[in-house]
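One structure below.
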Amino acid sequence: MPVVNRIADMSDDMTAWRRHLHTIPELGLECHQTAAFVAARLRDFGVDELHEGIAKTGIVAIINGQGPGPTIGLRADMDALPIEEETGLDYASTHPGRMHACGHDGHTAMLLGAAKYLAETRNFSGRVALIFQPAEEFGGGGEVMVQEGIMDSFEIGQVYAIHNAPGKDFGSFNTRPGPIMAAADTFHIHITGKGGHAARPHDAVDPVVAACAIVQALQTIVSRNRNPRDSLVISATQIHTGTTDNVIPETCYINGTVRTFDKAVQALVVRRMEEIIAGQAASFGLEARLEFEFGYPPTVNDAAKAAFAAEVAREVAGEAGVNPEVEPVMGAEDFSYMLEKRPGAYLMLGQGDTAGVHHPKYNFNDEIAPIGASFFARMVERAQPATGA
Ligand SMILES: [Zn+2]
Ligand SMILES: [Zn+2]
């Protein structure tokens with residue numbers, strides 16, 4: 001596998017950084033020790049600018065290439081999960097109840113490896129912006145960094161990220177044009193009728209019958225309103241009401257999830273849910289209110305950038321090691337906020353047959369770090385070639 005030679009030489013460094021980070025997992029925006037470690041390494045490498053404290057503990061480091069040119073963004077996430085680690089590793093978490101179970105320790109080490117190489121070689125034009133974000137798992141650190149203006153203030157023109165992928169072939173790159181990860185939204189429906197004796201339904205307004213009708217009717221958004229070519233899931237997962245057999249309850253609560261890959265489909269769902277719930281409420285003569293909670297938006301790759309990323313990946317992993325048309329997954333990812341602002345691509349890097357992410361026995365495979373770092377390095381050198389090179 002043609003990993004960049006100089007990066008192959010850094011394998012031991014990347015492994016050491018990753019294993020150290022693995023011992024100190026931090027949650028959400030509170031990645032203080034992690035960010036301090038990352039900033040110290042970046043200073044050692046001699047980056048040209050180091051901006052700390054973005055989204056509380058996020059970092060953007062700038063490396064200047066040769067001569068003027070645009071800025072390319074590379075992003076790694078740094079946060080961990082509230083899971084008790086069960087790997088038994090000698091570098092296991094020293095923070096009880098927290099664990100790097102999604103491999104963000106590896107993503108950070110991989111981007112540090114690329115940073116070290118790029119700061120040494122500078123075989124590119126323009127600038128590279130290395131983005132280290134907290135709070136990918138929850139808290140939307142990527143969104144906060146975007147809100148704090150990193151895409152504009154650093155004039156980032158395009159942006160790329162890699163996530164490790166257990167179960168996909170070791171060292172393989174997987175991407176696709178268009179949506180690669182879903183939007184994950186939550187809905188809450190609050191129904192208020194009129195309680196009463198279950199033997200005197202004519203004196204009450206029953207929210208239970210209305211709730212059943214609403215859940216059924218919502219499925220018609222999937223079957224009758226959505227274009228059959230678009231992916232859509234609407235699942236009502238909780239109905240809470242009532243206390244006993246001879247009382248018609250006053251209120252009922254329905255909750256569930258909506259998964260989409262497309263903003264227009266998402267907007268259609270919100271509009272139709274409102275219409276259906278209002279119409280059903282009117283037909284039963286009671287009140288029903290929808291509370292729609294937007295989660296991370298869909299992660300949408302730019303078609304041309306995804307194709308270019310696949311071309312760069314082929315240089316590292318070979319023709320057979322790249323799947324440019326991987327199936328999208330229904331999970332969500334807050335790199336989506338960066339891709340909403342700038343064209344770019346998200347890639348999944350196979351780490352072979354290991355425990356899945358978010359599992360207490362999961363561990364990042366250190367062997368893929370030089371592969372991912374080589375991709376990042378070559379992406380910069382290919383996207384912004386050094387003038388005269
Ligand atoms: Zn995760
Ligand atoms: Zn993750």
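Order of appearance sets the numbers: ligands from 1, and atoms from 1 within every ligand. What you see is a predicted model; the values in this text were computed from it and never measured.
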Name, closest N/O/S atom of E137 to the Zn ion (ligand 1): OE2
Opening angle at the Zn ion (ligand 1) [NE2, H358; SG, C102; to 10 degrees]: 110°
Ring centre gap for Y91 and W17 strictly below 6.0 Å: no
Residue H104, metal the Zn ion (ligand 2), N/O/S under 2.8 Å: yes
Ionic contact status for D9 with K116, cut-off 4.0 Å: no
Cationic N near anionic O, under 4.0 Å, E274 to R271: no
Hydrophobic cluster of I180, others only, ordered by chain and residue number, side-chain cut-off 4.5 Å: I54, V60, I62, I131, M145, V146, I150, M151, F154, I156, V159, M181, Y296, V326, V329, F335, Y337, M338, L339, Y346, M348
